[in-house]
Amino acid sequence: MYLVLLGPPGVGKGTEAELLAEKFSITHLSTGDMLREAVARKTEAGKAASAYMLKGELVPDEIVIGLFREVVGGAGNGFVLDGFPRNRPQAESLEETLRGEGINLTAVISLKADDAILISRLSGRRQCRDCDAIYHLGNYPPKSEGVCDKCGGELYQRKDDREEAIRERLAVYQEQTPQLLDYYGEKGLLEKISANDTSQETFVRICDILQKKKTS
Ligand code: AMP
């Protein structure tokens with residue numbers, strides 16, 4: 001199964017991608033996590049990307065596409081892409097890479113939620129420094145404050161989850177997404193889902209769609 005999750009920051013792509021990866025034994029590929037790791041390891045890509053990320057802007061396509069190409073070959077069982085592609089050139093590059101691997105996308109799922117919900121989810125979000133697991137101070141707190149339930153790592157607030165960067169990230173998303181939705185709509189791959197409710201309710205909706213695709 002080869003899935004793409006589209007949606008604004010805070011809509012829950014990372015959480016849904018984790019659930020999908022577990023259920024279908026596929027690989028969760030998040031370009032945001034790859035970039036944050038590159039920044040933490042101070043690689044060339046990380047050094048080039050960090051200023052864009054802090055401001056909430058998109059990192060240049062060649063850096064992101066390069067990182068993606070390094071890992072995609074390892075996702076033999078299938079993947080769920082979270083945060084990639086973000087614009088049409090990236091979508092075209094993805095298509096070319098997959099063609100080279102003989103892979104067809106199964107579905108592109110676009111998640112949507114109200115702005116007030118997105119902002120509340122982002123400002124309460126905490127992430128594990130070690131395993132990237134995601135928590136929310138209100139809706140999904142860790143058992144012990146500041147500590148990851150899964151690996152015991154330290155939880156932190158992403159710098160781009162603060163108000164100024166959140167606004168920029170939402171604006172970038174509004175600007176880039178219509179062309180992506182058109183691109184995948186024309187290919188008959190696009191499925192739109194409301195993600196206003198809990199992550200479990202959204203997950204059930206995604207699974208229903210995948211089930212229908214399988215039987216159609
Ligand atoms: P995310 O974790 O998906 O919210 O991404 C965090 C930040 O990483 C974004 O605000 C961008 O600066 C950068 N980023 C992640 N994925 C991409 C991408 N596909 N293209 C460009 N920049 C990206």
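All ligand and atom numbering here is 1-based and tracks the order in the structure.
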For a 4.5 angstrom cut-off between non-hydrogen side-chain atoms, does [X] reach [Y]?
{"X": "Glu163", "Y": "Arg167", "answer": "yes"}
{"X": "Phe68", "Y": "Pro85", "answer": "no"}
{"X": "Ile193", "Y": "Ser110", "answer": "no"}

Just list the side-chain donor-acceptor pairs under 3.5 Å for residues 3-27, sequence neighbours left out, or say none.
from, atom 1, to, atom 2, distance (Å)
Lys13, NZ, Gly7, O, 2.8
Lys13, NZ, Pro8, O, 3.3
Glu16, OE1, Phe203, N, 3.3
Glu18, OE1, Lys150, NZ, 3.4

Using a 3.5 Å cut-off and no angle test, enumerate the donor-acceptor pairs between side-chain atoms of residues 44-65 and protein atoms at least two apart in sequence or in another chain.
from, atom 1, to, atom 2, distance (Å)
Asp61, OD1, Asn87, ND2, 3.1
Asp61, OD1, Gln90, NE2, 2.9

Completion exercise
Chain-and-number sorted residues having a heavy-atom contact under 4.0 Å with ligand 1 are Thr31, Gly32, Leu35, Arg36, Met53, Glu57, Leu58, Val59, Val64, Gly83, Phe84, Arg86, Gln90, Arg158, Asp160, Arg169
Please set out all donor-acceptor pairs under 3.5 angstrom arising from side-chain atoms of residues 177-185, sequence neighbours excluded.
from, atom 1, to, atom 2, distance (Å)
Thr177, OG1, Tyr173, O, 2.5
Gln179, NE2, Gln176, OE1, 3.4
Tyr183, OH, Glu95, OE1, 2.2

